[in-house]
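Input: one structure, supplied below.
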Amino acid sequence: MPELPEVESVRRALERVMVGATFDEVVLRRPDLRTPFPEAFATRLTGRTVVALTRRAKYLLAEASSGDSLVMHLGMSGDFRVERAGAPLEIGVHDHVVFRMSSGARIVFNDYRRFGFMDLVPTAQLTNHASLRALGPEPLSASFDAATLARACHRRRVAIKIALLDQRVVAGLGNIYAVEALHRARVSPFRRASTLATRSGGPRESAVRLAAAIKHVLEHAIDRAGRADDRAGRFRVYERAGQRCLRRGCGGRIARRLQAGRSTFYCPVCQR
DNA sequence: CCCACGACCTGCTGGC
DNA sequence: TGCCAGCAGGTCGTGG
């Protein structure tokens with residue numbers, strides 16, 4: 001589930017039930033996720049109030065009144081479920097963390113592949129945190145545009161698809177939206193990243209289209225995430241191998257190829 | 001610095 | 001029916 005739009009929608013759900021509420025109880029049902037939980041994880045949170053619930057790339061950040069921030073990542077399969085006060089407690093095998101909040105809500109972290117993680121760091125040191133330090137610009141912020149993208153791609157010889165997955169280039173894109181953005185921008189995923197920039201590192205026309213496409217697909221996905229969604233029709237290329245390209249007048253057939261071990265879906269006709 | 005690759009986990013699908 | 005390979009929306013550490 002979780003690329004930037006899905007993480008953002010989880011953030012909004014958690015914000016409603018966590019901000020202003022206090023951790024009454026924190027239960028760890030195992031000692032680790034991808035990494036061990038930090039020392040005294042539960043006791044450092046218990047009794048503290050959540051001041052803010054923000055997001056950086058695919059990371060969720062819960063700032064606690066203690067001066068610590070809870071850093072959470074959903075990995076490939078992580079998700080939070082919110083249960084209202086009084087709901088019967090039903091814990092599954094892959095429910096690893098339970099927060100009982102003063103609002104009465106119970107928040108359960110489920111992650112069957114366990115690629116997610118949680119860490120607790122002093123809020124003042126958040127920007128130095130190993131996972132957050134090297135992140136590139138937020139794609140939906142004003143600081144991300146064609147010029148930023150071109151500069152980041154300038155000296156990279158890897159394929160543009162690979163560059164888009166590099167969180168230092170742009171923070172929060174994953175396999176699905178990288179592929180969707182490239183299709184929307186009519187840019188081939190196999191082009192070298194450096195071909196989006198001029199010799200001096202300025203944006204070419206393709207960089208302008210790609211930066212705009214990245215913003216568009218992410219914003220669109222966040223909008224949709226709020227509604228009860230039909231999975232069908234969510235994507236224009238992802239998982240559509242063998243089907244017709246949806247670009248008007250194109251008529252190509254969507255193909256699938258592996259790049260760095262991950263599926264790339266693209267239209268060989270309109271993406272150049 | 002850049003880049004490729006394997007590791008970490010479980011579950012589902014499709015082919016034989 | 002069972003079994004097994006391949007694949008799944010992410011990141012990190014280790015090499016060259």
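First the proteins, then the strands, lettered A, B, ... as listed; each starts at 1.
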Item checked: Length of the line joining His73(A):NE2 and dG9(C):P, which is rounded to integer Å ->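 Atom-to-atom, His73(A) to dG9(C), this comes out as 14 Å.
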
Note to self: Ignoring hydrogens, what is the shortest heavy-atom contact between Pro2(A) and Gly75(A)? Give both atom names and the distance.
What the structure shows: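 Heavy-atom minimum between the residues: CG-O, 3.1 Å.
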
Next item on the list: Tell me the partner of dG2(C), counting only Watson-Crick (N1-N3 plus N6-O4 or O6-N4) or G-U wobble (N1-O2 and O6-N3) with both under 3.5 Å; none if nothing fits.
Entry: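 Per the H-bond distance test, dC16(B).
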
Item checked: Selection from dC3(B), dC9(B), dG9(C) that lies nearest to any side-chain heavy atom of Glu6(A) ->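 Closest of the options to the side chain of Glu6(A): dG9(C).
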
Notebook entry, point to check: For DNA chain C, whose closest nucleotide is more 5', that of Ala130(A) or that of Tyr112(A)?
Noted result: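 Counting from the 5' end, the first nearest nucleotide belongs to Tyr112(A).
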
Checklist line | Whole-angstrom distance between dG9(C) and dC3(B), as gauged at atom C1' | finding: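 Their C1' atoms lie roughly 23 Å apart.
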
Check: Between the side chain of Arg240(A) and the main-chain N/O of Arg244(A), is any donor-acceptor distance below 3.5 Å?
Finding: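 Here the side-chain-to-backbone pair exists.
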
Note to self: Tell me the interatomic distance from Met76(A), atom CE, to dG6(C), atom C1', rounded to whole angstroms.
What the structure shows: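 So the two atoms are 13 Å apart, to the nearest Å.
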
Check: Is a side-chain N or O of Arg11(A) found less than 3.5 angstrom from the main chain of Leu53(A), in a donor-acceptor match?
Finding: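 Here the side-chain-to-backbone pair exists.
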
Note to self: Among dG10(C), dC2(B), dT10(B), which nucleotide has an atom closest to any side-chain atom of Arg156(A)?
What the structure shows: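 The nucleotide sitting nearest to the side chain is dC2(B).
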
Item checked: Length of the line joining Arg262(A):CZ and dC3(B):P, which is rounded to integer Å ->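 One finds 17 Å between P of dC3(B) and CZ of Arg262(A), rounded.
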
Check: Phe190(A) vs Tyr266(A) aromatic rings, parallel, tilted or perpendicular, using cut-offs 30° and 60°?
Finding: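 Perpendicular.
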
Margin query: Any donor-acceptor pair, under 3.5 Å, between the side chain of Arg113(A) and the base of dC9(B), if you only look at N and O atoms?
Written below: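 Side chain to base: pair present.
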
Notebook entry, point to check: Looking only at atom P, what distance separates dC7(C) and dC5(B), rounded to whole Å?
Noted result: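 Rounded to whole Å, the distance is 15 Å.
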
Notebook entry, point to check: With no hydrogens and no angle check, is any side-chain donor or acceptor of Arg48(A) less than 3.5 Å from a backbone partner on Asp68(A)?
Noted result: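 Absent.
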
Note to self: Can you measure Arg256(A) atom CZ to dG14(B) atom P for me and round it to whole angstrom units?
What the structure shows: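 Between P of dG14(B) and CZ of Arg256(A): 13 Å.
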
Notebook entry, point to check: What heavy-atom pair brings Leu165(A) and Leu173(A) nearest, and what distance separates the two atoms?
Noted result: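 Distance-wise, the nearest heavy atoms are CD2-O, 4.3 Å.
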
Note to self: Tell me whether the side-chain N/O atoms of Tyr238(A) come closer than 4.0 Å to OP1 or OP2 in dG9(C).
What the structure shows: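 Affirmative; the distance criterion is met.
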
Margin query: By a 5.5 angstrom centroid cut-off and a 30 degree plane limit, is there stacking between Phe115(A) and dT11(C)?
Written below: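 By the stated criterion, Phe115(A) and dT11(C) do not stack.
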
Checklist line | Residue whose nearest DNA chain B nucleotide is more 5′ - Arg168(A) or Ala260(A) | finding: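 Upstream on the strand: Arg168(A).
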
Next item on the list: Would you mind reading off the distance between Glu239(A) atom CD and dG6(C) atom C1', rounded to a whole angstrom?
Entry: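 It is 14 Å, rounded to the nearest whole Å.
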
Notebook entry, point to check: dG6(B) pairs with which nucleotide, Watson-Crick or G-U wobble, both distances below 3.5 Å?
Noted result: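 Matched dG6(B) with dC12(C) under the 3.5 Å cut-off.
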
Next item on the list: Can you tell me the distance, in whole Å, between the NZ atom of Lys161(A) and the C1' atom of dG9(C)?
Entry: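 It is 11 Å, rounded to the nearest whole Å.
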
Next item on the list: Grab the CG-C1' distance between Leu33(A) and dT10(B) for me, whole Å please.
Entry: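 My rounded result for the distance is 14 Å.
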
Next item on the list: Consider the side chain of Arg34(A), meaning its heavy atoms from C-beta on, and name the nucleotide among dT11(C), dC2(B), dG9(C) that approaches it most closely.
Entry: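 Of the options given, the side chain of Arg34(A) lies nearest dT11(C).
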
Next item on the list: Establish, with yes or no, whether the OP1 or OP2 oxygen of dC9(B) is under 4.0 angstrom from a side-chain nitrogen or oxygen of His94(A).
Entry: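 Indeed not, no polar side-chain atom of His94(A) lies that close.
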
Notebook entry, point to check: Any side-chain N or O of Gln167(A) less than 4.0 Å from the OP1 or OP2 oxygen of dT11(C)?
Noted result: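 Yes, because at least one side-chain N or O of Gln167(A) sits under 4.0 Å from OP1 or OP2 of dT11(C).
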
Check: Arg30(A) CZ to dC8(B) P: how many Å, rounded?
Finding: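 In whole Å, dC8(B) P lies 14 Å from Arg30(A) CZ.
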
Checklist line | Phosphate-side-chain proximity, Ser77(A) and dA8(C), N/O vs OP1/OP2 below 4.0 Å | finding: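 For dA8(C), OP1/OP2 do not have a side-chain N/O of Ser77(A) under 4.0 Å.
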
